Protein chains: 2
Amino acid sequence: MKVTIYDVAKQAGVSISTVSRVINNTGRISEKTRKKVLEVMKELHYQPSIVASALTGKRTRTIGLIIPDVANPFFSEIARKVEDRGRELGFNVLMCNTDNNPDTEEMYLSLLQQKSVDGIIIGTTTKNYTVLNQLLQENFPLALIAQDIPELAINVVRVDDFLGGYQAVSHLVSLGHEKIAIMLGNLSRTSDKYRLQAYRQVMEENGLRYEEKWIVYTDYSLTDGKRAALELLQSSPKPTAVFACFDSLAIGVYQAAKELGLNIPNDLSIVGFDNTILSTIVDPPLTTVAQPIDEMGRQVVDLLIDEIEGKNSTKQRIILPPELIIRQSTKSL
Amino acid sequence: MKVTIYDVAKQAGVSISTVSRVINNTGRISEKTRKKVLEVMKELHYQPSIVASALTGKRTRTIGLIIPDVANPFFSEIARKVEDRGRELGFNVLMCNTDNNPDTEEMYLSLLQQKSVDGIIIGTTTKNYTVLNQLLQENFPLALIAQDIPELAINVVRVDDFLGGYQAVSHLVSLGHEKIAIMLGNLSRTSDKYRLQAYRQVMEENGLRYEEKWIVYTDYSLTDGKRAALELLQSSPKPTAVFACFDSLAIGVYQAAKELGLNIPNDLSIVGFDNTILSTIVDPPLTTVAQPIDEMGRQVVDLLIDEIEGKNSTKQRIILPPELIIRQSTKSL
DNA sequence: ATGAAAGCGCTAACAC
DNA sequence: GTGTTAGCGCTTTCAT
């Protein structure tokens, strides 16, 4: 049978409230009884039930993490940082993958509440505004990572996507490229929207005409990227450079280029986004815009936990600077 | 204020047990009251507290997943499958990364119990036999994935590492290679041990002499692999082929080879292990031994949950066949 | 400094 | 078919 606070109390010859006090380090207890209780706890291998204590109103010390897919390197790296920082602060993370499916997401949002998590970090492209609004209204601790919903007053930690896009496209322009394409996901993802805005702005600032068909919408996976790139690279006029809004898409472009016998960077320059592990192992190494994943992970957790612990009730947007990492996939014309 | 079963009961004009019955679909209730209760539940946005129900002895419907690092593609893919299958069966997963640190692992093992998870899946190289034994003795649901502890009667789902190693090295031998090196992690990881045994056996079966220095122990990361490979490839006699026990190590070898001006597969053949996403995006694509990750993920979860639900109390080892995926990193001499 | 007791939200006998 | 009630293991007043 599981050993409970009663067992400890009985064995130590004190009441359960005394035991509770030494567990939580509250109230005053004589050094002597504290020592005795501690001793018995150890002896009995007593482990306080977090479930029971949660029922009395205390925290579960668990946070939910809703992301599209942990198997995606960008999110797996985020998940890792979130868990690390959570652990440092005494919180566990319940991992939820939704593939950006709104139903799955809504299900999780509800489930996580039933499980009494103390807060939720969301990295998916939510469209569940009503649910979010409701949570916000209830003052339920919430934070967005690598995503934004400008219409909501909500905690956000993300990279400056506009700036990142600006750096990426400017880099290509500075190399003399004029025919530049952009590949991106869904515009409902704000990050993509900002990156596209940056693309348009850089092109216009430099007086470069761009075809609407150079703006390629696709899905997030490598295969999607490859398929779309295959089409793009066989169209005409053919771009000499591509800004892919995720590393995975960029690698899809690599594969398409290879299939078409195009050399990177000689025939085609490519800039990615995210700086995941993928970008370092492809050949040639991918020039990409780095998101400060470690910093982002740490900051969302801090933001969320501050709110959970009532230390900071004002919502904030933390927008971190990206960094263009120039490797060998880009070359001047 | 949070709405409880009492609120629903009052509003519906029934007792809490009736409400409980409709929630859990137990006992008999008239269609009429059931409908009424359901209606009120919806109206009040009632969400049963899993915490409270767990306190009464029911499951938390949460399982713990202890792995070295989700940011490692192999484990992130496992994590994804585990979560998927868990969701299908109504379970959430609490993610724990330990970097194979025994202290972290022990901490988690204890914490997960405090949080009353229903079972734990372990993918780390545990040395905490005492803790495991204790859990086993308490009949706490446990399962190992991609790992084995032969000394324990415990649920295990893993690939046949010996066979995988056998396939990998045989493949190299069949291509005419005689000077074959192996790179692996720590022998305390059984998978490495079996793969090494296979290496030795294949070499001996084919009458091939191998240097002890061709057996390279290193850490799991790409950089570790690169460093070790750099040394290996500059030693003499130099191997013409390398069997790297993880894809990440294999890619370290790629990078070392590149730095030394060696062409793969012309100057050096490489076989990896795992068939993670990494193996498909490197150039040339990596020949590797595939672990059936999807199947493994599904099976551990099934095994664990069967035990949780008392459907199957006999421990089993499920050893799945690997599959050699021949790509372009190996070539006949 | 310590104990008694109420209550957290729910389940599961047990009664009717 | 439905209600009453005693816990589950803990925290937290309120006494003493």
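Letters go in sequence order (proteins before strands), and every chain restarts at 1. Keep in mind that the numbers below use all heavy atoms, side chains included, and drop hydrogens, waters and symmetry copies. All values derive from a computational prediction rather than experimental measurement.
- Here dT12(D) presents its C1' atom at 12 Å from CD1 of I5(A), a figure rounded to the nearest Å.
- I29(B) has its CD1 atom 14 Å from the P atom of dA12(C), to the nearest Å.
- The NZ atom of K10(B) sits 20 Å away from the P atom of dT2(D) (whole-angstrom rounding).
- Scanning residues 13-25 of chain B for heavy-atom distances under 4.0 Å to DNA chain C yields I16(B), S17(B), S20(B), R21(B), N24(B).
- Residues E295(A) and K81(A) are not paired through a salt bridge, judged by the lack of any N-O separation under 4.0 Å between the basic side chain and the carboxylate.
- At whole-Å resolution of the value, CZ in R61(B) and P in dC10(C) are 17 Å apart.
- Where A52(B) and R34(B) each meet DNA chain D at their nearest nucleotide, the meeting point lying more 5' is that of R34(B).
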Side chains of residues 65-72 of chain A: which donor-acceptor partners sit under 3.5 Å, not counting sequence neighbours?
unit_1: D69(A); atom_1: OD1; unit_2: A71(A); atom_2: N; d: 2.9
unit_1: D69(A); atom_1: OD1; unit_2: R80(B); atom_2: NE; d: 2.7
unit_1: N72(A); atom_1: OD1; unit_2: F74(A); atom_2: N; d: 2.9

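- At dT12(D), none of the side-chain N or O atoms of T56(A) fall inside 4.0 Å of OP1 or OP2 (strictly under the cut-off).
- Computed from coordinates, the L44(B) CG to dG9(C) C1' distance equals 15 Å when rounded to whole Å.
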Please tabulate, one pair per line, all N/O donor-acceptor pairs under 3.5 Å involving side-chain atoms of residues 16-27 of chain A, not counting sequence neighbours.
unit_1: S17(A); atom_1: OG; unit_2: S15(A); atom_2: OG; d: 3.0
unit_1: T18(A); atom_1: OG1; unit_2: S15(A); atom_2: OG; d: 3.4
unit_1: S20(A); atom_1: OG; unit_2: N24(A); atom_2: ND2; d: 3.4
unit_1: N24(A); atom_1: OD1; unit_2: K58(A); atom_2: NZ; d: 3.0
unit_1: N24(A); atom_1: ND2; unit_2: S20(A); atom_2: O; d: 2.8
unit_1: N25(A); atom_1: OD1; unit_2: R34(A); atom_2: NH2; d: 3.0

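- Protein atom CG of L55(B) is 12 Å distant from nucleotide atom P of dA12(C), rounded to whole Å.
- A salt bridge does not link K10(A) to D7(A): none of the charged nitrogens lies less than 4.0 Å from a carboxylate oxygen.
- Between the CD1 atom of I50(A) and the C1' atom of dC8(C) there is a distance of 17 Å, rounded to whole Å.
- Comparing E31(B) and S49(A) by the nucleotide of DNA chain D whose heavy atom lies nearest to each, the residue mapping closer to the 5' end is E31(B).
- Here E39(A) does not pair with K35(A) in a salt bridge; the nearest charged N to carboxylate O distance is not below 4.0 Å.
- Rounded to a whole Å, the NZ atom of K2(B) is 12 Å from the C1' atom of dC10(C).
- Side-chain contact check for D84(A) versus D294(A): every heavy-atom pair is 4.5 Å or farther apart.
- Among the protein residues, T26(B) comes within range of no part of the nucleic acid, since none of its heavy atoms lies under 4.0 Å from any strand.
- The base of dC8(C) is not paired with the side chain of Y6(B) by any donor and acceptor separated by under 3.5 Å.
- Comment: K315(B) engages E307(B) in a salt bridge, judged by a side-chain N to carboxylate O separation of less than 4.0 angstrom.
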